[in-house]
*Asks:* 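Handing you this structure, nothing more for now.
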Amino acid sequence: NNSVITAPSILAADFADVAGGLRRIEDACAQWIHMDVMDGDFVPNISFGPKMVQDTRARTSLPLDVHLMVNQPERYIAEFIAAGADYLTVHLESTVHVHRVIQSIRQDGARPGLAIVPSTPVRATEELLDDIDLLLIMTVNPGFGGQALIPRGIEKVAQAAQIRSDRGLSFKISVDGGVNRETARALREAGADVLVSGSAFFNSPDPAQYLRDLSGR
Ligand code: DX5
Ligand code: ZN
């Protein structure tokens, strides 16, 4: 398959020097920027809001892959799209009328993504797979970077890839949490199209080489 998209997560950057974090991501030739929005309610951590997306949009032309770990995300869809989100991903577990939210993301001009936490089976997404451009499979419990990948997540990637091919769909499969050199190969082979990486990227002595290793280039 064509090489994997790498999406470093700005959550792992120094929040007092976000511009430096963006430069590191661009200098490493990443394809996307993953932006983890956390509300302190859906997940125990709080990160940043629409203004961070808006200000990042003004500094880079890389696609912004915005991951909303927010309860009732329908409250913020318009704001994050106006701020410049290219992909806007909501959690299946974060609101009842997810199908409606996915529709409104596309209507408002962004590419809709659907995320599932480790305890949610891939099967639970079946009614939404026709309407999304990205399925984000969390391989850690959301809220923090620097955690170890949950191995079951690799199975879930393979399941999602199977359902996608059975149904002739074309959503991208993204993996998020605990991705590093060691776990990337198995994830690519299982069918991952996008690899998000936070701590391993920002801790890497050679970020460009790390991303090449991640994508199997
Ligand atoms: C966790 C976030 C992930 C996290 C990835 O809730 O959704 O994107 O920042 O960080 P690492 O790669 O360190 O697990
Ligand atoms: Zn994320």
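For ligands, and for the atoms within them, numbers begin at 1 and follow the listed sequence.
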*Asks:* Geometry only, no angles: is Gln147 polar-contacting ligand 1 at N/O separations under 3.5 Å?
*Replies:*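 N/O-N/O distance below 3.5 Å does not exist for this pair.
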
*Asks:* If you count every heavy atom of other residues, nucleotides or ligands that lies below 6.0 Å from Tyr76 atom OH, does the total exceed 12?
*Replies:*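 No, OH of Tyr76 has 12 or fewer neighbouring heavy atoms, counting only those of other groups under 6.0 Å.
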
*Asks:* Hey, does the side chain of Arg188 reach the backbone of Leu214 with a donor-acceptor pair shorter than 3.5 angstrom?
*Replies:*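 It does hold such a pair.
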
*Asks:* Got an N/O contact under 3.5 Å between Leu11 and ligand 1?
*Replies:*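 No, since none of the N or O atoms of Leu11 sits under 3.5 Å from an N or O of ligand 1.
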
*Asks:* Heavy-atom contacts with Met38 under 4.0 Å: which atoms of ligand 1 show up? List them by number with element.
*Replies:*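 Once the distances to Met38 are compared, the set is 6 (O).
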
*Asks:* Quick one: look at Ser9 and ligand 1, take heavy-atom pairs under 4.0 Å, and tell me if it's side chain, backbone, both or neither.
*Replies:*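 Side chain only.
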
*Asks:* Are a donor atom and an acceptor atom from the side chains of Asp36 and His34 found within less than 3.5 Å of each other?
*Replies:*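 Judged by distance alone, the side chains do pair up.
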
*Asks:* Counting only protein N/O/S, how many atoms fall short of 2.8 Å from the Zn ion (ligand 2)?
*Replies:*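 Number of qualifying protein atoms: 4.
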
*Asks:* Counting non-hydrogen protein atoms only, what is the nearest one to atom 10 (O) of ligand 1? Give residue, atom name and distance.
*Replies:*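 Heavy-atom neighbour on the protein nearest atom 10 (O) of ligand 1: Gly145 CA, 3.6 Å.
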
*Asks:* How far is atom 14 (O) of ligand 1 from the closest protein heavy atom, and which atom is that?
*Replies:*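 For atom 14 (O) of ligand 1, the nearest protein heavy atom comes out as Gly178 N, 2.8 Å.
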
*Asks:* Is the shortest N/O to N/O distance between Gly143 and ligand 1 below 3.5 Å?
*Replies:*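 The answer is yes, given that Gly143 and ligand 1 share an N or O pair closer than 3.5 Å.
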
*Asks:* Can Phe201 be said to touch ligand 1, with heavy atoms closer than 4.0 Å?
*Replies:*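 Contact check Phe201 vs ligand 1: negative.
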
*Asks:* For Val157 and Leu187, work out which heavy atoms get closest and say how close.
*Replies:*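 Closest approach of Val157 to Leu187, heavy atoms only: CG1-O, 4.1 Å.
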
*Asks:* Looking only at N/O atoms, are Asp36 and ligand 1 under 3.5 Å apart anywhere?
*Replies:*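 Yes; the residue has a nitrogen or oxygen that sits under 3.5 Å from a nitrogen or oxygen of the ligand.
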
*Asks:* Using a strict threshold of under 4.0 Å (side-chain N to carboxylate O), is an ion pair present between Asp193 and Arg164?
*Replies:*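 Salt bridge: yes.
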
*Asks:* Closest non-hydrogen protein atom to atom 13 (O) of ligand 1, residue and atom name please, with distance?
*Replies:*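 Result: Ser199 OG, 2.5 Å.
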
*Asks:* Near Gly177, which atoms of ligand 1 are under 4.0 Å from a heavy atom of that residue?
*Replies:*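 Within the 4.0 Å cut-off of Gly177, ligand 1 contributes 14 (O).
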
*Asks:* What protein heavy atom is closest to atom 5 (C) of ligand 1, reported as residue, atom name and distance in Å?
*Replies:*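 Of the protein heavy atoms, Asp176 OD1, 3.6 Å lies nearest.
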
*Asks:* For ligand 1, find out whether one of its N or O atoms is nearer than 3.5 Å to an N or O atom of Gly146.
*Replies:*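 Checking ligand 1 against Gly146, an N or O pair does fall under 3.5 Å apart.
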
*Asks:* Need the ligand 1 atom indices (1-based, order shown) with element for anything under 4.0 Å from a heavy-atom of His34.
*Replies:*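 Numbered from 1, ligand 1 contributes 8 (O).
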
*Asks:* Contact between Ala12 and ligand 1, counting heavy atoms under 4.0 Å?
*Replies:*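 No.
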
*Asks:* Would you name the heavy atoms of Ala12 and Gly198 that are closest together and state the gap between them?
*Replies:*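 So the minimum-distance heavy-atom pair works out to CB-C, 3.4 Å.
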
*Asks:* Heavy-atom contacts with His67 under 4.0 Å: which atoms of ligand 1 show up? List them by number with element.
*Replies:*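 Listed by number with element: 7 (O).
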
*Asks:* Considering the heavy atoms of Pro142, write down every atom of ligand 1 situated less than 4.0 Å from one of them.
*Replies:*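 Counting from 1, the qualifying ligand atoms are 6 (O).
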
*Asks:* Suppose the criterion is side-chain hydrogen bond (donor to acceptor under 3.5 Å, both in side chains): which pairs have a residue in residues 132-154, not counting sequence neighbours?
*Replies:*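 Every side-chain hydrogen bond (donor to acceptor under 3.5 Å, both in side chains) pair that includes a residue of residues 132-154, provided the two are not neighbours, is Arg106-Asp133, Arg111-Asp133.
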
*Asks:* I'd like to know if the side chain of Ser215 and the backbone of Leu211 have a donor-acceptor N/O pair within less than 3.5 Å.
*Replies:*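 Present.
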
*Asks:* For Ala13 and Gly21, which heavy atoms make the closest approach, and how far apart are they?
*Replies:*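 What the structure gives for the nearest pair is CB-CA, 4.3 Å.
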
*Asks:* In ligand 1, which numbered atoms sit nearer than 4.0 Å to a non-hydrogen atom of Ser197?
*Replies:*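 The atoms of ligand 1 under 4.0 Å from a heavy atom of Ser197 are 12 (O).
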
*Asks:* Counting heavy atoms not belonging to Arg123, are there more than 12 under 6.0 Å from its CZ?
*Replies:*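 No - once you tally the heavy atoms of other residues, nucleotides and ligands closer than 6.0 Å, there are 12 at most.
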
*Asks:* Going by an N to O cut-off under 4.0 Å, is there a salt bridge joining Arg100 and Asp131?
*Replies:*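 No, no charged N to carboxylate O under 4.0 Å.
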
*Asks:* Distance-only, no hydrogens or angles: does the Thr6 side chain make a donor-acceptor pair with backbone N or O of Ala30 under 3.5 Å?
*Replies:*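 Such a contact is absent between Thr6 side chain and Ala30 backbone.
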
*Asks:* Tell me whether the count of non-hydrogen atoms from other residues, nucleotides or ligands lying under 6.0 Å of CZ in Arg167 goes above 12.
*Replies:*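 It does: Arg167 CZ has more than 12 such atoms within range.
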
*Asks:* Quick one: nearest non-hydrogen protein atom to atom 12 (O) of ligand 1, plus distance?
*Replies:*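 I find the closest protein heavy atom is Gly198 N, 2.7 Å.
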
*Asks:* Do Arg212 and Gln209 have side-chain atoms, one donor and one acceptor, less than 3.5 Å apart?
*Replies:*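 Short answer, yes.
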
*Asks:* Compare every heavy atom of Lys156 with every heavy atom of Thr120, then report the nearest pair and how far apart it is.
*Replies:*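 Smallest interatomic distance, heavy atoms only, reads O-NZ, 2.7 Å.
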
*Asks:* Cation over ring, Arg181 on Tyr210, under 6.0 Å and within 45°?
*Replies:*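 Negative - Arg181 is either too far from the ring of Tyr210 or too far off its axis.
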
*Asks:* Tell me, which protein residue and heavy-atom name are nearest atom 1 (C) of ligand 1, and how many Å apart are they?
*Replies:*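 Its nearest protein heavy-atom neighbour is Phe144 O, 3.7 Å.
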
*Asks:* What about Asn141: any of its N or O atoms under 3.5 Å from an N or O on ligand 1?
*Replies:*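 It does not: no N or O of Asn141 is found under 3.5 Å from an N or O of ligand 1.
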
